[in-house]
2 protein chains.
Amino acid sequence: MVHATTMKEIARQLGVTVSTVSRALQNHPSIGLRTRERVHELAKQLDYVPNPTAINLKRRRTYNIGVVLPALTEQFFSMAISAIEDVAIGKGYSVVVMQSRNDYERERLAISNLVKHGIDGIIVSLASETQNNSHFLEVNKHGIPIVFFDRVAKNMPNSCVYVDLTAGAIEAVEYLVARGLTKIALLNGPGTLQATDERLKGYVTVLNKHGIAISRPYVRSVNLTKEDTAKKMNELLDLDEPPQAILAFNDYVALDAMQVCRQRGLVINQDIHFVSFSNLPFCSYLEQPPIASIEQFPYEMGTKAIQLLLPAIEDPQHYTPEKVIIPYQLIVRE
Amino acid sequence: MVHATTMKEIARQLGVTVSTVSRALQNHPSIGLRTRERVHELAKQLDYVPNPTAINLKRRRTYNIGVVLPALTEQFFSMAISAIEDVAIGKGYSVVVMQSRNDYERERLAISNLVKHGIDGIIVSLASETQNNSHFLEVNKHGIPIVFFDRVAKNMPNSCVYVDLTAGAIEAVEYLVARGLTKIALLNGPGTLQATDERLKGYVTVLNKHGIAISRPYVRSVNLTKEDTAKKMNELLDLDEPPQAILAFNDYVALDAMQVCRQRGLVINQDIHFVSFSNLPFCSYLEQPPIASIEQFPYEMGTKAIQLLLPAIEDPQHYTPEKVIIPYQLIVRE
DNA sequence: ATTTGGTACACAACCGATTGCGTACCGGTA
DNA sequence: TACCGGTACGCAATCGGTTGTGTACCAAAT
């Protein structure tokens with residue numbers, strides 16, 4: 001059974017032409033009832049499955065959507081992709097995944113592979129090291145729609161979905177200040193990400209508002225690896241005046257940093273307090289989770305991303321890009 | 001730029017035929033140097049990208065591999081898919097993901113969608129509710145290779161990759177007994193999974209060996225939802241003689257069960273001990289993780305799965321299915 | 001001048017479908 | 001009998017490539 005049955009085979013066995021078979025299978029009215037039935041019957045009997053590649057060639061579509069993100073193993077992204085898949089499947093699309101591993105070159109390659117492979121549209125969350133949009137401009141030139149989500153590219157005309165992290169950071173820091181914690185450090189992400197700028201902006205805003213001096217050594221950026229986070233956290237704890245609280249770039253950074261604290265004998269939520277972004281489900285299993293988290297609703301973001309992408313694919317003429325901001329929510333744990 | 005440039009367009013502008021353009025782009029020796037250069041030049045100038053669908057049609061391949069698994073958000077699976085993607089990308093394949101959500105119907109649908117969509121091969125980890133292989137037999141009939149991994153189907157001729165969980169369970173239970181814990185309960189998975197049988201078998205083997213009577217109420221199966229796990233764990237704790245230790249189906253079951261224990265005031269690793277399967281990375285963040293875990297190496301399993309699949313795709317004639325058993329490892333935490 | 005051989009390309013079939021248009025054949029009407 | 005309209009298909013182009021085979025044209029050899 002190495003060759004699948006084709007319409008040609010059905011046509012041959014029935015003594016009709018391929019076009020008749022095609023129309024019969026589509027129940028086209030110009031095909032006689034008798035012929036239509038014979039075609040359907042033989043098709044079923046031969047386990048006929050239409051060749052999607054041939055159909056795609058005519059339709060000039062692949063019904064594949066590429067998704068490029070830093071890492072599938074980060075729950076934030078797997079939730080987003082899960083959402084994308086849920087919507088896509090319902091609309092007849094499949095989802096092709098590629099990981100950038102936060103590496104610029106891998107991201108370029110992933111994008112290029114997707115284009116070469118044939119996809120109708122792309123959803124991207126930037127690699128932390130990406131500082132150049134040329135590969136995306138290339139995709140735009142080919143008329144393939146892109147939607148950025150969460151880690152969006154700066155200065156690109158495409159649609160994007162993200163959370164207002166500045167506002168989130170503001171509420172988070174306000175919360176810490178309100179609890180009397182004023183020595184607040186920021187374990188921020190890579191400088192290349194817009195998300196990093198936004199967290200910093202919120203952090204600075206609140207401290208300024210409350211007249212709290214901003215200590216340079218309190219603001220550090222990590223490259224999102226466990227090692228770098230540990231290094232930066234240790235540096236913070238080695239300061240003459242170590243912080244009472246940490247605003248972490250995301251849950252992974254918070255957890256890695258918390259581990260350092262525990263190793264140094266500090267008690268979480270007592271000696272030192274954490275607030276982080278994402279609020280991933282596994283945080284609920286921790287005995288001492290961050291006292292507050294900013295929920296970013298990855299599922300909703302993924303859903304919105306593909307809802308923006310599909311019209312761009314299906315009706316490019318009437319499509320205008322949109323910047324969608326998903327509301328965050330500060331989750332406070334007792 | 002709604003229509004991508006085709007070879008036809010290049011041919012027209014250069015006054016040659018499409019076949020010449022095709023061969024020129026492939027640097028076929030029968031094309032003159034001058035012509036070849038002109039073709040390459042114009043192709044670059046027009047941003048020519050070959051239409052993958054057309055090529056796939058001739059090659060009778062899609063270079064897409066379908067992966068169907070219960071949930072992307074489970075780290076075990078996202079690690080496996082990550083591995084699959086790493087290998088696939090290197091061989092020129094893309095990975096299409098579908099989630100079954102442990103639902104039989106969704107699994108059927110996912111498989112059917114993949115076949116309709118056109119993929120060269122499928123990698124599957126069974127939905128917990130799947131008890132029927134007809135959809136896989138259908139795929140076999142079409143000559144599309146399948147590789148099962150981790151949650152493998154019973155009585156199927158296809159290749160599969162899994163961990164010898166019986167041996168793992170034996171070592172795990174031996175470890176508990178050696179620590180003097182003899183009142184051991186088993187929070188097992190759904191009866192439809194072979195993995196469930198295997199864990200049970202290992203559990204029974206060790207208890208029999210040590211002459212420990214097997215208490216029926218100590219063996220319970222959960223459907224892998226948080227609610228069901230909580231219910232079953234509560235039932236265990238409500239027994240006249242509650243267990244001292246729990247062998248959990250996987251980390252998620254263990255964590256959900258541990259949460260119940262904590263809510264009831266029990267101290268983990270003191271009042272009650274857990275051993276579970278998977279050893280997911282996030283366990284390292286827990287203050288009180290299971291005292292031991294059986295590492296199942298999802299990355300290695302994913303890698304092996306696609307290494308089994310690719311030869312089946314590329315050389316179906318000389319392919320014979322294989323059952324590969326990945327060695328587990330019991331990770332003991334101090 | 002004719003044959004020979006190689007170069008450099010054209011022609012056309014093919015992959016598996018879809019679809020616009022043409023037409024044979026039918027019975028019914030003038 | 002000749003004309004007409006509808007039914008039920010066939011023919012062929014098309015999507016965008018790949019590839020086997022045919023051939024015009026050239027220079028070199030005879």
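The sequence lines fix the lettering, A, B, ..., with proteins before strands; numbering per chain opens at 1.
Applying the ring pair (Phe, Tyr, Trp, His ring centres under 6.0 Å) rule to B/Phe148 yields the partners B/Phe136; only residues at least two apart in sequence or on another chain are considered. The salt bridge (charged side-chain N to carboxylate O under 4.0 Å, His left out) search around A/Lys91 returns none, not counting sequence neighbours. Partners of B/Lys154 under the salt bridge (charged side-chain N to carboxylate O under 4.0 Å, His left out) rule, at least two apart in sequence or in another chain, are B/Asp197. Partners of B/Arg12 under the salt bridge (charged side-chain N to carboxylate O under 4.0 Å, His left out) rule, at least two apart in sequence or in another chain, are B/Glu9. Under the rule for a salt bridge (charged side-chain N to carboxylate O under 4.0 Å, His left out), the partners of B/Arg106 that lie at least two apart in sequence or sit in another chain are A/Asp86. Shown here are the side-chain contact (heavy atoms from CB on, under 4.5 Å) partners of B/Pro145, two or more places apart in sequence or in another chain: B/Leu309, B/Ala312, B/Ile313. In terms of the ring pair (Phe, Tyr, Trp, His ring centres under 6.0 Å) criterion, A/Phe76 has no residue partners (sequence neighbours excluded).
Using a 4.0 Å heavy-atom distance criterion, B/Gly118 is classed as making no nucleic acid contact.
One interatomic measurement links the two molecules: CG of B/Leu14 to C1' of C/dC9, which rounds to 13 Å at whole-angstrom precision. As rounded to whole Å, 14 Å separates atom C1' of D/dG17 from atom OH of B/Tyr63.
Note that the two end axes of the helix from C/dA1-D/dT30 to C/dA30-D/dT1 enclose an angle of 100°, each drawn from 5 base pairs, rounded to 10 degrees.
A distance of 11.5 Å separates CG of A/Leu114 from CG of A/Asp120, quoted to the nearest 0.5 Å.
Applying the ring pair (Phe, Tyr, Trp, His ring centres under 6.0 Å) definition to pairs two or more places apart or across chains, those involving residues 14-67 of chain B are B/Tyr63-B/Tyr93. Residue pairs meeting the side chain to side chain donor-acceptor pair (under 3.5 Å) criterion with at least one member in residues 71-81 of chain B: none, sequence neighbours excluded.
Contacts between residues 29-46 of chain A and DNA chain C, counted as heavy-atom distances below 4.0 Å, involve no residue at all.
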>> Walk along nucleotides 16-26 of chain C from 5' to 3' and tag each nucleotide B, S or - by protein heavy-atom contact under 4.0 Å, base first, then sugar-phosphate.
In response: BBBBB------
